[in-house]
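Notes for the one structure printed next.
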There are 2 protein chains.
Amino acid sequence: MKRKRIPQTTIARLPLYLRYLLKLARKGLRIISSYELAEHVGTNAAQLRKDLSYLGEFGTRGVGYDVAELIRQISKCLGLTKEWKIAIVGMGKLGPALLGYKGFEQEGFKIVAIFDKNPKKIGKKMGNLVVSDVTNLKEVIEKVGGVDIGIITTPASVAQKVANQLIDAGVRAILNFAPVTLGVPSNVVLRQVDLTTELQILSFHLT
Amino acid sequence: MKRKRIPQTTIARLPLYLRYLLKLARKGLRIISSYELAEHVGTNAAQLRKDLSYLGEFGTRGVGYDVAELIRQISKCLGLTKEWKIAIVGMGKLGPALLGYKGFEQEGFKIVAIFDKNPKKIGKKMGNLVVSDVTNLKEVIEKVGGVDIGIITTPASVAQKVANQLIDAGVRAILNFAPVTLGVPSNVVLRQVDLTTELQILSFHLT
DNA sequence: AATTTCTTGTGAATTTAGGCACAAGGCTAT
DNA sequence: ATAGCCTTGTGCCTAAATTCACAAGAAATT
Ligand SMILES: NC(=O)c1ccc[n+]([C@@H]2O[C@H](COP(=O)([O-])OP(=O)(O)OC[C@H]3O[C@@H](n4cnc5c(N)ncnc54)[C@H](O)[C@@H]3O)[C@@H](O)[C@H]2O)c1
Ligand SMILES: NC(=O)c1ccc[n+]([C@@H]2O[C@H](COP(=O)([O-])OP(=O)(O)OC[C@H]3O[C@@H](n4cnc5c(N)ncnc54)[C@H](O)[C@@H]3O)[C@@H](O)[C@H]2O)c1
């Protein structure tokens, strides 16, 4: 087959496949069919097979997919073979909740720096990190050897400014929780987690 | 024009338009063009106009859109004219962060009940609510006069069970933060907030 | 009243995603 | 070997979303 660009939608589904495959592996299961995997991820077998076909051919016809091999391939495709370093900016309500979440480190995302602007929070210990002053963001990030992903959990009013600081410090991926549309250069990846929007979409469907 | 079904993608963008329009209204601006509005929400003018055209025709050619009118129409379309009642299940790290967020109530989403299973948390006051035992979920929800949206912030292992309880209590919309694919009947709307997936998508783009 | 100017609203074209249906191909049993 | 079984991989068609490009229409100007 001529290998094509992986669709955005496929990329968004790969983590779901991976999650269920890891669960299967923990249970000791070695082989899974497209039908069964699709079922558990809430999609259909044809879509699952097409998604996987973008990464290569690693099923066995008449049998199914090798769980360990699929895990390896999806992880490789998503770039999960290395550990990514994360900084969180804004240690209010949401920031500490994210910091305290064990799941990220288990999946290879390590939080290495946390920032705030409030003098009452700066210097405070949270988890096993100390809150740094956002004014020194660039220097602190340099000191920890660079950061791959920046998470913004500040008020919306300063989110763009924080994004600019992160980008200036060499961060090339941003996950933004503040309810504003951020502008970033095209070499920076941005994803938005927008909880009010989620509720409003639910509201639409309830109406 | 023959009025067609509103695309999913349009529905997901309406909240972003609304958010920026409210900002404009606060600044006292009365008229906005599709170009300028599109610019600020990170899309293009043609898409914005097409999106709005699904709701009706309320622009003035040669002039632009009336900010107040657009706010009214989008709010109506999204069902934001009434107040929606919310229950949060799981008062660990994430649950209280959501509870403490002022933004939801400002947008017409009122948290009216919070649940946990841990006896140490049950009965504790959080915000101006008291944590109820999840075992009594149905009765508590009945007592507050019903709940429209359920937010799940429990461990993944119990998320499906909690979803079933919510549905059994008459909840027809669910926002799930637990990293599992939930199964719900077709008359229930489900949205997933999946932070690990978001990070993995960023990881893909960094690779 | 006619002309100019500007921005909307929308058919049509294009691009992207989804799903069917079946040939291809590996495994097992005889 | 060979036949039968089973599940993958994918060509092709359908549906959904995006983008283009321009006619339609409102206000301002002459
Ligand atoms: N908490 C929620 O459940 C929730 C829900 C939806 C959206 N959000 C959004 O997420 C963001 C964070 O929410 P929150 O509830 O944690 O807010 P919060 O007000 O509790 O915390 C914000 C933190 O950012 C810090 N801060 C302010 N300016 C800063 C700067 N320039 N640099 C670094 N830190 C700075 C503040 O000192 C504070 O600690 C907000 O934009 C909010 O709108 C939160
Ligand atoms: N905290 C984060 O930043 C984060 C990030 C990504 C995903 N998540 C997911 O969000 C969910 C919540 O995360 P968290 O960090 O708040 O977890 P947490 O462990 O801090 O809190 C979970 C809470 O749910 C309660 N609980 C357990 N079983 C229950 C039941 N049957 N009914 C009601 N409550 C019950 C627990 O007592 C606890 O208070 C988890 O599924 C987690 O994987 C969290």
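Quick note on labels: first sequence line is chain A, next is B, and so on, each numbered from 1. Since the model is a prediction, treat every value here as computed from it, not as a measurement.
Residue Tyr54(B) contributes atom OH, which lies 11 Å from atom P of dG11(C) at whole-angstrom precision. Between the CZ atom of Phe58(B) and the C1' atom of dT10(C) there is a distance of 15 Å, rounded to whole Å. Asp51(B) places its CG atom 10 Å from the C1' atom of dT18(D), with the value rounded to the nearest Å. What separates CD of Glu57(A) from P of dG25(C) is a distance of 9 Å, to the nearest Å. Taking atom CD on Gln8(A) and atom C1' on dG18(C), their separation rounds to 16 Å, with Å as the unit.
Between Tyr65(B) and dG9(C), a side-chain N or O to OP1/OP2 separation shorter than 4.0 Å is present. Proximity of Arg5(B) to the phosphate of dA15(D): no side-chain N or O atom is located under 4.0 Å from OP1 or OP2. Under 4.0 angstrom from either OP1 or OP2 of dT8(C) there lies no side-chain N or O belonging to Ser53(B).
With hydrogens and angles ignored, no donor-acceptor pair under 3.5 angstrom links the side chain of Lys50(B) to the base of dT18(D).
A search for side chain to side chain donor-acceptor pair (under 3.5 Å) contacts involving Asp66(B) returns nothing, not counting sequence neighbours. Applying the side chain to side chain donor-acceptor pair (under 3.5 Å) rule to Asn164(B) yields the partners Gln160(B); only residues at least two apart in sequence or on another chain are considered. In this structure, Phe204(A) has no ring pair (Phe, Tyr, Trp, His ring centres under 6.0 Å) partners at least two apart in sequence or on a different chain. Residues that satisfy the side-chain contact (heavy atoms from CB on, under 4.5 Å) test with Ser34(B), not counting sequence neighbours, are Ala45(B), Leu48(B), Arg49(B), Tyr65(B). With sequence neighbours excluded, the residues forming a side-chain contact (heavy atoms from CB on, under 4.5 Å) with Lys23(B) are Val180(A), Tyr20(B), Arg26(B), listed by chain and number. Every residue was checked against the ring pair (Phe, Tyr, Trp, His ring centres under 6.0 Å) condition with Phe177(B), not counting sequence neighbours, and none meets it.
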Protein and nucleotides 1-3 of chain C: nitrogen or oxygen contacts under 3.5 angstrom:
none

Give every pair of a protein N or O atom and an N or O atom of nucleotides 23-25 of chain D that lie under 3.5 Å apart, one pair per line with the distance.
residue, atom, partner, partner atom, Å
dA24(D), N3, Arg61(B), NH1, 2.8
dG25(D), N2, Gly62(B), N, 3.4

Ignoring hydrogens and angles, write down the donor-acceptor pairs under 3.5 Å from the side chains of residues 195-203 of chain B, residues two or more places apart or on other chains.
residue, atom, partner, partner atom, Å
Thr197(B), OG1, Asp194(B), OD1, 3.1
Thr197(B), OG1, Asp194(B), OD2, 3.4
Glu198(B), OE1, Arg191(A), NE, 2.4
Glu198(B), OE1, Arg191(A), NH2, 3.3
Ser203(B), OG, Leu78(A), O, 2.5
Ser203(B), OG, Gly79(A), O, 3.1
Ser203(B), OG, Trp84(A), NE1, 2.9

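A salt bridge (Lys or Arg N to Asp or Glu O under 4.0 Å) check over residues 153-178 of chain B, counting only residues at least two apart or in different chains, returns the pairs Lys138(B)-Asp168(B).
Annotation: proximity of residues 22-49 of chain A to DNA chain C (heavy atom, distance under 4.0 Å) is found for Asn44(A), Ala46(A), Gln47(A), Arg49(A), numbered in ascending order. Contacts with DNA chain C (heavy atom under 4.0 Å) in residues 67-77 of chain B: none are found.
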